[in-house]
Protein chains: 2
Amino acid sequence: MKLKMDVALDTKECWNCPIKHQAVCARCEPDELERLEEIKYYRSYEAGQPVIWAGDHMEFVASVVTGIASLSQTMEDGRTQMVGLLLPSDFIGRPGRDSAPFDVVAVSDLTICCFRKKPFEDLMTTTPHIGARLLEMTLDELDSAREWMLVLGRKTAREKIASLLAIIARRDAALRRNTPKDGMHFDLPLTREAMADYLGLTLETVSRQISALKKAGIIKLDGKRKVVVPSLDLLINETGDDIDGGPIV
Amino acid sequence: MKLKMDVALDTKECWNCPIKHQAVCARCEPDELERLEEIKYYRSYEAGQPVIWAGDHMEFVASVVTGIASLSQTMEDGRTQMVGLLLPSDFIGRPGRDSAPFDVVAVSDLTICCFRKKPFEDLMTTTPHIGARLLEMTLDELDSAREWMLVLGRKTAREKIASLLAIIARRDAALRRNTPKDGMHFDLPLTREAMADYLGLTLETVSRQISALKKAGIIKLDGKRKVVVPSLDLLINETGDDIDGGPIV
DNA sequence: GCGCGACTTTGATCAGGATCAAACCCGGTT
DNA sequence: AACCGGGTTTGATCCTGATCAAAGTCGCGC
């Protein structure tokens with residue numbers, strides 16, 4: 001698996017880019033940022049390429065800059081379950097463990113900002129901001145993971161699809177710094193199969209339910225991958241959740 | 001909802017009890033422990049009592065001392081999904097947030113060790129051990145939550161039951177400091193309905209699959225609630241996982 | 001244009017769990 | 001003892017989503 005790596009990017013962009021990519025360092029002082037700069041480097045992957053397999057030794061932690069990656073598990077007989085979608089600003093890896101717990105695969109073209117693990121851990125012990133920020137992010141992720149259990153365990157196929165679309169719509173709006181509003185549209189970054197793996201369904205069921213939502217006028221499709229949501233409330237109404245918003249995964 | 005609270009316990013037990021209940025403070029110095037002592041208190045609940053509802057203001061963080069609690073979500077129409085089982089040494093609450101994200105209910109009689117949130121947060125900023133320990137625990141929980149997604153999304157009813165029994169068997173053995181071995185037996189701490197809510201099934205299906213496992217000789221029942229596992233390997237074989245162990249939730 | 005491959009849609013049938021319903025078990029109370 | 005109620009088991013039937021199969025769409029290179 002060959003990789004394009006160490007791509008040159010504007011180093012400033014990592015900390016000031018338009019997509020709130022201050023994931024790791026939100027409250028750091030300039031000199032602390034300086035030390036982070038010294039141990040960071042970029043990697044890029046094409047859609048479909050693996051970033052790391054479960055069990056592999058992991059010599060870095062990282063943060064997604066652009067693109068989408070998936071976190072997933074596969075059983076011996078081939079059943080797979082996606083356990084997380086990594087969008088820009090999401091964190092990859094775990095200080096204190098040296099092997100990856102899940103497969104990480106680039107879903108679209110992907111750029112991540114890596115930090116060598118050992119120096120990053122050293123930095124954490126001397127810079128309390130970073131640990132605190134990481135704890136905050138991890139707690140948020142834990143809540144999201146638990147919200148997703150409700151989707152997997154108790155929702156119908158239609159509700160699952162609606163939930164996924166609503167989440168992508170909200171995150172997409174957040175990245176563009178739009179408030180979610182009616183008439184929004186976005187690209188579906190996932191194949192039907194990837195959606196199925198995320199939702200615990202088969203790809204046929206995903207396709208059928210998307211068709212059903214289209215027929216019901218909840219969404220419109222422009223080609224296979226562009227989705228238009230005439231009314232976000234109508235979509236959320238199909239998720240089975242109450243109206244107040246819910247998690248942004 | 002009346003509560004028995006502030007039960008007197010040997011204060012030393014919290015940190016040195018036989019069930020590795022050094023959750024919060026594993027690496028703390030004596031004077032740091034001293035400061036934790038000052039802000040802690042105990043609460044006890046009877047089986048079935050709520051500890052806190054989702055959305056409630058939460059003025060403490062806590063750690064389970066004895067008994068079992070559940071973390072769960074309920075949809076408006078009554079479908080509920082348990083998103084975590086809290087066993088002794090597990091942590092409840094989140095520094096930095098002031099409302100609970102999920103319902104916490106005592107499954108069996110329960111004692112928790114609480115710390116007032118504000119002073120605990122203050123302590124965290126000055127005692128890096130605590131934050132680091134909490135990050136570690138949270139990352140472990142996140143991994144467990146994600147492992148559980150595979151169970152909810154992709155496993156059959158029989159595999160789900162086997163997975164749950166295997167997890168309880170392993171955790172029970174860990175609490176007793178036994179290495180899991182053949183012929184082990186333990187109490188089932190959950191009703192069929194609670195198991196169903198954890199596994200995303202109905203209680204009838206849970207009952208049927210337990211009967212099926214019994215008929216297949218994988219487990220034996222002594223009454224309704226005592227389980228004997230003649231061979232842990234045979235049980236694990238039914239979970240669909242590979243043999244190597246898997247997560248201890 | 002043509003053909004190819006990846007992805008998607010749609011159809012027909014099947015089966016695993018859900019649902020509805022009834023009986024059972026067992027400890028606690030009167 | 002008789003009764004009660006919560007939890008559990010078992011049975012009959014239904015239905016959602018899986019499975020198997022085939023055809024449709026689109027982008028792309030030749």
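Numbered from 1 within each chain, the chains take letters A, B, ... in sequence-line order.
- Taking the side chain as every heavy atom from C-beta outward, B:M149 and A:Q73 never approach each other to under 4.5 Å.
- One can place CG of A:L221 at 12 Å from P of D:dC26, the figure rounded to the nearest angstrom.
- Computed from coordinates, the A:K214 NZ to C:dT10 C1' distance equals 12 Å when rounded to whole Å.
- Residues from residues 203-211 of chain A placing a heavy atom under 4.0 Å of any atom in DNA chain D, listed by number, are A:E204, A:T205, A:R208.
- Paired with A:V51 under the rule side chain to side chain contact (heavy atoms under 4.5 Å, CB included), one option of A:V64, A:L110, A:D103, A:V105 passes, and it is A:L110.
- Taking 4.5 Å as the limit, some side-chain heavy atom of A:W148 sits within range of a side-chain heavy atom of A:L199.
- Contacts of B:E141 classified as side-chain contact (heavy atoms from CB on, under 4.5 Å), with partners at least two apart in sequence or in another chain: A:L142, A:R146.
- Using a 4.5 Å heavy-atom threshold, the side chains of A:H185 and A:D222 count as separate.
- Heavy atoms of B:G48 sit nowhere under 4.0 angstrom from any nucleic acid atom.
- Sequence neighbours left out, the pairs with a member in residues 190-209 of chain B that pass salt bridge (Lys or Arg N to Asp or Glu O under 4.0 Å) are A:R154-B:D197.
- Listed nucleotides C:dA18, D:dG17, D:dA18 differ in distance to A:T156; the shortest reach to its side chain belongs to D:dG17.
- The stretch residues 187-195 of chain B does not touch DNA chain C, since none of its heavy atoms comes less than 4.0 Å from the strand.
- Each of A:G223 and A:R158 lies near DNA chain D, and the nucleotide nearest A:R158 is the one positioned closer to the 5' end.
- Rounding to whole angstrom units, CG of residue B:L201 and P of D:dT9 are separated by 14 Å.
- Atom P of nucleotide C:dG17 and atom CZ of B:R79 are separated by 18 Å, given to the nearest angstrom.
- Taking both residues in full, the closest heavy atoms of A:G67 and A:P88 are given as O-CD, 3.4 Å, listed atom of the first, atom of the second, then distance.
- Computed from C1' positions of five pairs at each end, the angle between the two local axes of the helix from C:dG1-D:dC30 to C:dT30-D:dA1 equals 20°, rounded to 10 degrees.
- Within the 3.5 Å criterion, the main-chain N or O of A:D140 finds no donor-acceptor partner in the side chain of A:D143.
- Within the 4.0 Å cut-off from OP1 or OP2 of C:dC7, not a single side-chain nitrogen or oxygen of A:R225 is found.
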Item to check | Protein proximity profile, nucleotides 23-28 of chain C - base contact B, sugar-phosphate-only contact S, no contact -, cut-off 4.0 Å on heavy atoms | outcome: ------
Item to check | A:L165 vs A:L188, side-chain contact (heavy atoms from CB on, under 4.5 Å): CA-CA, chis, key distance, verdict | outcome: CA-CA 8 Å; A:L165 292 178; A:L188 251 192; 4.0 Å; yes
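- Under the 30°/60° scheme for interplanar angles, the aromatic rings of B:F60 and B:Y41 are found to stand perpendicular.
- Between the CG atom of A:D197 and the P atom of D:dG17 there is a distance of 17 Å, rounded to whole Å.
- With rounding to the nearest 0.5 angstrom, the CZ atom of A:F102 is 9.0 Å from the CG atom of B:L150.
- Taking atom CG on A:D222 and atom C1' on D:dC26, their separation rounds to 14 Å, with Å as the unit.
- Rounded to a whole Å, the NZ atom of A:K155 is 18 Å from the C1' atom of D:dG17.
- Remark: side-chain polar atoms of A:S207 are not paired, donor with acceptor, to backbone N or O of A:L203 under 3.5 angstrom.
- Counting only heavy atoms from C-beta outward, the side chains of B:E159 and B:T239 never approach each other to under 4.5 Å.
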Next on the checklist: With side-chain contact (heavy atoms from CB on, under 4.5 Å) as the criterion, how do B:L152 and B:Q81 come out once you've worked through the C-alpha distance, each side chain's angles and the decisive distance to 0.1 Å?
Outcome noted: CA-CA 10 Å; B:L152 290 175; B:Q81 175 66 49; 3.8 Å; yes
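- For the pair A:R154 CZ and C:dA18 C1', the computed distance is 10 Å after rounding to whole Å.
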